[in-house]
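Structure first, then comments.
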Amino acid sequence: MVLYGVAALALCMLVGMIIGDLIGVAVGVDANVGGVGFAMIMLVLATAWLRKKGLFPKSTEQGVLFWSALYIPIVIAMASTQNVAEALDGGPMAILAGLTALACGAALVPALSRIGGRAEPLPPMTDEEKMEA
Amino acid sequence: MELVADVLERNGLLFAFVIVGALMMVSGWLSKTLTRGRLQGSAIAIMLGLVLAYIGGVQTGGEAGLADIAIFSGLGLMGGAMLRDFAIVATAYGVDLQEIKKAGLAGGLSLILGVFVSFVAGALVAAAFGYTDPESMATVGAGAATYIVGPVTGTAVGASSEVIALSVAAGLVKSVVVMVGTPMIASVIGLNNPKSAMAYGGLMGTTSGVAGGLAATDKRLVPYGAMTATFYTGLGCLLGPSVFYFALRFLFGA
């Protein structure tokens, strides 16, 4: 059933968020620490295990894949609700601080990617994947 | 007319689906005709979304971009943190945990370096603009990490509300430029595999920025970038008001 997939996804996310909040409380920070990350790892482990036991049929999978496919539209909606006006209102200092942080961080990506051997680029997207995106 | 607006308002989420669908269609067409597919449709759609957010913000003076206009309020639900994180987690389905393990060290290092580099960059910019007291430097530095770390740090160290507002603005700018800039710099910095995506997520840290930027670059990289970015704000809130502030006080305090 499709809903089983959605429910499994929601359960993973809720448990991940609770873990993230608990870690936040434990280290004395008013923020969720890694909730989404824990949820993702749980989803990967749980679904791999269920699939092996044959308890995660195609229809259940659809419930997860649907939300994965909605990711880009959701991000576009997110972009349209950002506080862009205030960002630009901050003036040159805010803009420069944000840009510098991006530039310095981006410059470090090639160095960090070299740790532990070079990684191969992903294969080009197939036409089918492009259609989904 | 009023009746139509009323229906759209009452069914805000559905109207949001229609708007985003239309936005994607226009963007796909622009991508094909104007850039011959070189700039992905999703990248254009995100940029259009940001432009609309700016217009909405200027129109209403609110904080939620286009969603502050009543009939577009459904965009706030569709693009809010709950559904965004839900969809991000869903993208992890089918991810190879082996890839994450392989990139674990690079990902962890990227987080520490990312928070540190943003703090220093922000603090230096603050100093260059004449905010040389440790409280202001720490707060703007924290804002350059993310727009959540900024006010958390500013409140903890007792920075002025003007500086806290600037730190939020710095974080918002970073999030917006990461969304728009990622597809443009992706090929320069080798952002085409899971490992560099994990490093990128940790170095940038802004969940919305990374989520948007990687979506516009290659959707398959999203789970890897989001995986590390999700730890960033917490780490920033931990280090900002403590280690980082004390280091600044030690270096620049009277």
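Just so we're on the same page: letters track the sequence lines, and every chain starts at 1. Scope of the values below: all heavy atoms of this structure, side chains included, with no hydrogens, waters or symmetry mates.
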- Query: What part of M42(A) is in contact with chain B, defined as an atom under 4.5 angstrom from a non-hydrogen atom: side chain, backbone, both or neither?
  - Reply: neither
- Task: Give the member of V178(B), L191(B), I19(B), V89(B) that has the highest number of heavy-atom pairs under 4.5 Å with chain A.
- Result: V89(B)
- Message: Can you tell me which portion of I23(A) sits under 4.5 Å from chain B's heavy atoms? Options are side chain, backbone, both or neither.
- Response: neither
- Message: Report, in residue-number order, which members of residues 99-110 of chain B are under 4.5 Å from chain A by heavy-atom distance.
- Response: L105(B), A106(B), L109(B), S110(B)
- Item | Option in V117(B), I88(B), T233(B), T207(B) with maximal non-hydrogen atom pairs under 4.5 Å from chain A | I88(B)
- Item | Atom group of A103(A) that falls short of 4.5 Å from chain B, counting heavy atoms | neither
- Message: Using only atom types and a distance under 3.5 Å, with no angle test, would you say the side chain of Y71(A) pairs donor to acceptor with the backbone of A211(B)?
- Response: yes
- Message: Tell me whether K219(B) contacts the main-chain N or O of S68(A) through its side chain, where contact means a donor paired with an acceptor under 3.5 Å.
- Response: yes
- Item | Contact class of V109(A) relative to chain B, heavy atoms under 4.5 angstrom | both
- Might you point out which heavy atoms bring A121(B) and C104(A) nearest each other, and give the distance in Å? CB-SG, 4.3 Å
- With sequence neighbours left out, write down each residue that passes ring-ring contact (aromatic ring centres under 6.0 Å, His included) with F38(A), or none if nothing qualifies. F231(B)
- Task: Select one option (side chain, backbone, both, neither) describing which atoms of L43(A) are under 4.5 Å from chain B's heavy atoms.
- Result: side chain
- Can you sort out the partners of Y4(A) under ring-ring contact (aromatic ring centres under 6.0 Å, His included), two or more places apart, ordered by chain and number? none
- Note on the structure: Applying side-chain hydrogen bond (donor to acceptor under 3.5 Å, both in side chains) to S196(B) and not counting sequence neighbours gives N193(B)
- Message: For D85(B) versus M17(A), what's the shortest heavy-atom pair and its separation?
- Response: OD2-CE, 3.5 Å
- Task: For Y93(B) and E61(A), test the side chains for any donor-to-acceptor distance below 3.5 angstrom and give the result as yes or no.
- Result: yes
